[in-house]
Amino acid sequence: MTLMLLGTALAVLKLADALAQSLLLRARAELAKAEAAARVPGDKPAGGAQ
């Protein structure tokens with residue numbers, strides 16, 4: 001029984017780790033996109049002022 005619980009706990013931890021890695025990659029991609037957009041000169045002033 002203890003081994004079954006340990007195995008289940010390890011599987012849950014692996015799943016949580018995979019989810020965290022996925023979220024981290026998505027956040028890094030969003031940050032890179034936002035930084036790239038901030039560097040592109042446009043016709044709007046920085047900071048969103050009109």
Side-chain angles (χ1 to χ4, degrees):
M1 184 70 176
T2 303
L3 286 178
M4 237 169 101
L5 288 175
L6 254 169
T8 302
L10 287 175
V12 169
L13 284 175
K14 283 183 181 181
L15 182 62
D17 183 54
L19 180 60
Q21 291 293 327
S22 174
L23 290 174
L24 181 61
L25 286 175
R26 185 177 297 172
R28 284 182 178 164
E30 288 292 324
L31 178 62
K33 189 189 299 184
E35 287 176 342
R39 283 193 299 266
V40 173
D43 50 4
K44 289 186 180 178
Q50 295 182 357

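Everything numeric here is computed off the predicted structure, so don't read it as measured data.
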_Main-chain N/O of Ala18 paired with Ser22 side-chain donor or acceptor, under 3.5 Å_ = no

*Could you tell me the separation between the CG atom of Leu10 and the CG atom of Leu3, rounded to the nearest 0.5 Å?*
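That separation rounds to 10.5 Å.
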
*How many angstroms lie between atom OG1 of Thr8 and atom CG of Leu13, to the nearest 0.5 angstrom?*
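If I round to the nearest 0.5 Å, the distance is 11.0 Å.
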
*Sequence neighbours left out, what passes salt bridge (Lys or Arg N to Asp or Glu O under 4.0 Å) with Lys33? Give chain and number order.*
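Checked Lys33 against salt bridge (Lys or Arg N to Asp or Glu O under 4.0 Å); matches are Glu30.
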
